[in-house]
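We use all heavy atoms of the structure for the numbers below, so side chains are in, but hydrogens, waters and symmetry mates are not. Start at 1 and go down the list; that is how both ligands and their atoms are numbered.
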Amino acid sequence: MVTWEELEGQCQQCKNCPLAETRTHVVFGVGSRQADVLFIGEGPGEQEDLQGEPFVGPAGKLLDLMLSVIDLDRSNVYIANIVKCRPPRNRDPLHTEQDACIGYLRAQTALLRPKIIVCLGRIAAMRIIDKDFRITRQHGQWFDRAGVQITAIYHPSALLRDPEKRPETFVDLKGLQEKIRQLCPDTFLPHPW
Ligand code: URA
């Protein structure tokens with residue numbers, strides 16, 4: 001199996017799909033490589049492309065707030081995307097682009113071995129949980145895939161567009177917090193340094 005460093009090196013050089021031609025930075029992932037909880041977004045936006053880090057634009061600010069509501073932050077979870085390069089004008093990543101990129105996420109998941117996966121939004125949920133996933137009906141539900149507990153919540157961009165979805169997301173986040181308490185309570189422990 002590759003190491004994190006080898007995988008990130010390969011990903012940084014990637015030319016598997018046309019998004020490589022328009023990217024500023026590859027956005028590999030951020031957070032703890034020891035985390036039990038993996039968040040999966042869709043793909044980098046403008047700010048992420050410029051800075052090389054997931055969720056640093058407006059949606060990222062809201063994601064940080066969502067994490068803080070349940071005593072999490074970027075140091076005790078891992079955050080990655082389905083595609084590592086920005087789709088032009090933030091359009092949905094094409095299936096061909098997802099197919100070209102998904103191997104990196106699979107390898108990240110194999111290295112991390114998370115107990116819990118949280119899909120952020122419908123694109124990630126349709127790729128990871130079920131191609132027919134309906135985010136409006138199925139957000140907050142839990143699925144067992146080979147012993148890994150997987151759920152999907154609304155994407156923070158959707159919550160920025162439609163604040164009326166925020167109360168449902170609060171309930172989903174409390175469900176996530178409870179799942180973490182059951183399966184990996186050390187996630188919440190403060191770091192010793
Ligand atoms: N939206 C995503 O899905 N991922 C990011 O990294 C930023 C915005």
J.: Please confirm whether the ring centroid of F55 lies under 6.0 Å from the ring centroid of H155.
T.: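 Close enough - the centres of the two rings lie under 6.0 Å apart.
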
J.: Closer than 3.5 angstrom, by distance alone: can the side chain of R145 be matched with the main-chain N or O of I129 as a donor-acceptor pair?
T.: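 Judged by distance alone, yes, a pair lies under 3.5 Å.
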
J.: When rounded to the nearest 0.5 angstrom, what distance separates CG in D172 from CH2 in W142?
T.: 9.5 Å

J.: Can you list every ring pair (Phe, Tyr, Trp, His ring centres under 6.0 Å) pair that touches residues 102-128, not counting sequence neighbours?
T.: none

J.: What does the 4.0 Å heavy-atom contact list look like for ligand 1?
T.: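 Close residues (ligand 1, cut-off 4.0 Å): G41, E42, G43, E48, P54, F55, N81, H155.
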
J.: Between D144 and Q149, is a side-chain hydrogen bond (donor to acceptor under 3.5 Å, both in side chains) present by the stated rule, with each step listed?
T.: CA-CA 5 Å; D144 185 312; Q149 302 303 308; 3.0 Å; yes

J.: Would one find more than 12 heavy atoms of other residues, nucleotides or ligands at under 6.0 Å from atom CZ of R166?
T.: yes

